[in-house]
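Here the structure is laid out as structure tokens; the discussion comes afterwards.
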Amino acid sequence: MEKILVIGCSGQIGSELTLELRKMYGDSNVVATDIRPAPADILESGPFEILDVLDAGKLQLVCEHEKITQVYHLAAILSGNAEKRPMPSWEINMRSLFNVLEIAKALKLKKIFWPSSIAVFGPTTPRMNTPQYTTMEPNTVYGISKLAGERWIEYYYQKYGIETRSLRYPGLISYKTEAGGGTTDYAVEIFYDAIKTGKYECFLSSETALPMMFMPDAIKATIDVMEAESFKLSLRSSYNVAGICFTPHTLANEIKKQIPDFEISYKPDFRQAIADSWPDCIDDSVAQKDWGLTYEYDLPRMTQVMIDEIRRK
Ligand code: NAD
Ligand code: AKB
């Protein structure tokens with residue numbers, strides 16, 4: 001019997017992944033936690049606890065009391081917010097990971113999921129079809145913490161046999177919960193503003209290409225890599241997952257097909273430099289080969305669902 005702990009259940013990914021895990025493992029077998037209250041559907045469907053992942057003592061007590069076997073550790077400070085508060089963000093991103101890994105070692109937990117990001121790449125990385133193995137010199141606090149985290153999860157696998165699993169998510173696009181302070185957030189905000197006001201002022205320039213992924217594809221990839229048999233995984237750092245690559249200009253044109261009067265303007269801010277250091281699109285052939293990564297959503301299909309669902313909200 002698996003018993004799962006989700007850390008950061010109230011965020012953009014956690015608010016959807018928790019419900020999907022409850023469908024798979026049973027509502028009472030997925031314990032949702034966050035430092036802030038959870039959305040109503042998480043509170044109503046199963047156990048929830050307020051938990052600061054930096055409190056290692058409480059984290060261990062929850063894992064022991066609930067007889068946890070797997071952890072999905074989603075709490076982090078994302079790229080844009082981390083640049084505003086470098087040291088506290090480093091502390092949250094790194095110490096939380098060590099707390100989870102040390103408890104996994106002490107309690108012999110079966111599996112840990114910890115997400116990495118395209119932020120592990122930097123200005124010296126090839127931007128087009130960025131390979132799985134390449135130059136990685138991130139120049140953001142967030143990117144440095146993700147690259148260090150990748151090294152540490154591989155270390156805990158090799159030294160202590162902990163089944164660590166990870167994906168380098170691109171920017172994630174979803175309609176349930178707002179994005180949490182990243183550089184790719186424009187691709188979520190644009191839909192809300194297009195529907196509410198018919199206009200959007202983008203904080204990246206029109207031709208800034210970035211890899212993105214629609215949330216249902218990200219949730220499926222997360223569960224697939226966690227469910228994959230151990231021998232199929234050829235790497236224990238983190239898998240490239242590519243999704244869809246587009247610029248703000250391309251996305252705006254796609255939205256105009258549904259909302260013809262939609263207008264976009266551009267006022268790049270500090271996040272432009274972050275985006276400029278990240279790939280345009282990445283190569284995820286290793287994930288395809290090892291555990292069969294696939295996608296359902298291309299740009300037109302994702303745009304249609306985003307507009308329909310946000311209108312419904
Ligand atoms: P988010 O900011 O929406 O959610 C993170 C959650 O963690 C929040 O609900 C927050 O309250 C919680 N949290 C923060 N500090 C905490 C603490 N000390 N203790 C407990 N909970 C705490 O982030 P997200 O978009 O859901 O991202 C989840 C993970 O995926 C992060 O590691 C992030 O780096 C990674 N990721 C996200 C994206 C994306 O586009 N959303 C892309 C790449 C990687
Ligand atoms: C961010 O923009 O910080 C995140 C990410 C790509 O890691 N969405």
Side-chain angles (χ1 to χ4, degrees), residues 5-18 32-39 42 48-56 58-59 62 71-85 88-97 99-100 112-121 138 140-150 153 166-174 176-189 203-204 208 210-215 217-219 221-222 238-243 245 270-279 282:
L5 183 74
V6 180
I7 301 168
C9 72
S10 309
Q12 193 192 4
I13 303 174
S15 62
E16 302 204 33
L17 181 62
T18 304
T33 68
D34 201 293
I35 202 168
R36 60 181 167 137
I42 290 184
F48 169 76
E49 285 197 39
I50 291 285
L51 172 71
D52 181 350
V53 65
L54 297 182
D55 183 345
K58 180 159 183 205
L59 178 61
V62 172
V71 176
Y72 288 73
H73 170 26
L74 306 174
I77 306 300
L78 276 73
S79 58
N81 284 346
E83 288 307 296
K84 293 181 196 157
R85 300 178 68 234
S89 304
W90 176 262
E91 167 78 355
I92 290 173
N93 292 0
M94 294 313 298
R95 193 146 69 84
S96 67
L97 178 58
N99 286 350
V100 170
I112 305 296
F113 179 80
W114 171 83
S116 184
S117 160
I118 53 164
V120 291
F121 301 116
T140 62
V141 176
Y142 176 69
I144 300 168
S145 75
K146 289 295 184 189
L147 183 54
E150 286 191 9
I153 60 169
S166 179
L167 304 177
R168 288 176 184 154
Y169 290 132
L172 299 183
I173 299 175
S174 64
K176 185 180 173 194
T177 305
E178 283 178 32
T183 301
T184 58
D185 292 13
Y186 91 83
V188 177
E189 293 171 6
F203 59 76
L204 298 182
T208 306
L210 287 168
M212 303 277 182
M213 193 188 249
F214 196 33
M215 190 62 84
D217 282 335
I219 301 285
T222 305
S238 189
Y239 281 95
N240 276 10
V241 287
C245 303
F270 72 100
R271 289 167 283 191
Q272 183 66 47
I274 302 177
D276 286 343
S277 75
W278 290 353
I282 67 176

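Each ligand, and each atom within it, is numbered from 1 in the order the structure gives. All figures in this text were calculated on a predicted structure; none of them were measured in a lab.
For atom 19 (N) of ligand 1, the closest non-hydrogen atom on the protein side is V53 N, 2.9 Å. The protein heavy atom nearest to atom 40 (O) of ligand 1 is L172 N, 2.8 Å. The protein non-hydrogen atom at the shortest distance from atom 18 (N) of ligand 1 is D52 OD1, 2.8 Å. In this structure, atom 36 (N) of ligand 1 lies nearest to the protein heavy atom Y142 OH, 3.6 Å. Residue, atom and distance of the protein heavy atom nearest to atom 26 (O) of ligand 1 are I13 N, 2.9 Å. Nearest protein neighbour of atom 4 (O) of ligand 1, counting heavy atoms only, is G11 CA, 3.2 Å. Considering only non-hydrogen protein atoms, atom 29 (C) of ligand 1 sits nearest to L74 O, 3.2 Å. At the shortest separation from atom 9 (O) of ligand 1 among protein heavy atoms lies D34 OD2, 2.7 Å.
Which parts of ligand 1 touch P115 is read off a 4.0 Å heavy-atom cut-off, strictly below it: atoms 29 (C), 30 (O), 32 (O), 35 (C). Counting the atoms of ligand 1 from 1 in the order shown, those under 4.0 Å from a heavy atom of S117 are 43 (C), 44 (C). Close approach of ligand 1 to A76 (heavy-atom distance below 4.0 Å) involves ligand atoms 31 (C), 32 (O), 34 (O).
By the 30° and 60° cut-offs, the orientation of the rings of Y72 relative to F113 is tilted.
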Verdict with reasoning, E150 to R168, per salt bridge (charged side-chain N to carboxylate O under 4.0 Å, His left out): CA-CA 9 Å; E150 286 191 9; R168 288 176 184 154; 2.8 Å; yes

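Closest of all the heavy-atom pairs between I42 and A32 is CG2-CB, 3.7 Å. Taking both residues in full, the closest heavy atoms of K58 and I50 are given as NZ-O, 2.7 Å, listed atom of the first, atom of the second, then distance. Minimum interatomic distance between L172 and A218 (heavy atoms only, all atoms of both residues): CD2-CB, 3.8 Å.
Between Q12 and T177, the side chains place no donor N or O within less than 3.5 Å of an acceptor N or O (distance only, hydrogens not considered). Using a 3.5 Å distance cut-off with no hydrogens or angles, the side chains of S79 and T183 do pair a donor with an acceptor.
Listed by chain and number, the residues in a side chain to side chain donor-acceptor pair (under 3.5 Å) with T33 amount to none (sequence neighbours excluded). Every salt bridge (charged side-chain N to carboxylate O under 4.0 Å, His left out) that R95 has, sequence neighbours left out, goes to E91. Considering only residues two or more places apart in sequence or on other chains, F121 meets the ring-ring contact (aromatic ring centres under 6.0 Å, His included) condition with none of them.
Atom 23 (O) of ligand 1 has its nearest heavy-atom neighbour, among I50, L78, T183, in L78. When G171, A179, P170 are checked for heavy-atom proximity to atom 42 (C) of ligand 1, P170 turns out nearest. Counting heavy atoms only, S116 comes closest to atom 44 (C) of ligand 1 of the residues P211, S116, S15. Between L51, D185, D55, I173, it is L51 that holds the heavy atom closest to atom 20 (C) of ligand 1. Taking each of G8, A75, G180 in turn, the one with a heavy atom nearest to atom 22 (C) of ligand 1 proves to be A75. Of all the listed residues (M213, M215, Q12), Q12 holds the heavy atom that lies closest to atom 41 (N) of ligand 1.
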Short N or O separations between ligand 2 and the protein, below 3.5 Å:
unit_1: ligand 2; atom_1: 2 (O); unit_2: S79; atom_2: OG; d: 3.3
unit_1: ligand 2; atom_1: 2 (O); unit_2: T183; atom_2: N; d: 2.6
unit_1: ligand 2; atom_1: 2 (O); unit_2: T184; atom_2: N; d: 3.1
unit_1: ligand 2; atom_1: 2 (O); unit_2: T184; atom_2: OG1; d: 3.4
unit_1: ligand 2; atom_1: 3 (O); unit_2: S79; atom_2: N; d: 3.1
unit_1: ligand 2; atom_1: 3 (O); unit_2: S79; atom_2: OG; d: 2.5
unit_1: ligand 2; atom_1: 7 (O); unit_2: S117; atom_2: OG; d: 2.6
unit_1: ligand 2; atom_1: 7 (O); unit_2: Y142; atom_2: OH; d: 2.7
unit_1: ligand 2; atom_1: 8 (N); unit_2: T184; atom_2: OG1; d: 2.8

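Note on ligand 1: K146 sits in its first shell, one or more heavy atoms being nearer than 4.0 Å.
Tested against H73 for a side chain to side chain contact (heavy atoms under 4.5 Å, CB included), the candidates V6, L5, V53 yield a single pass: V53.
With contacts defined as side-chain heavy-atom distances shorter than 4.5 Å, the pair N99/S96 does not qualify. Side-chain contact between E189 and F203 is present, with at least one heavy-atom pair separated by less than 4.5 Å.
With hydrogens and angles disregarded, no donor-acceptor distance shorter than 3.5 Å links the side chain of T18 to the backbone of S15. Counting only distance, with no hydrogens or angles, the side chain of S166 and the backbone of W114 share a donor-acceptor pair below 3.5 Å.
Heavy atoms of I118 found under 4.0 angstrom from ligand 1: none, in either backbone or side chain.
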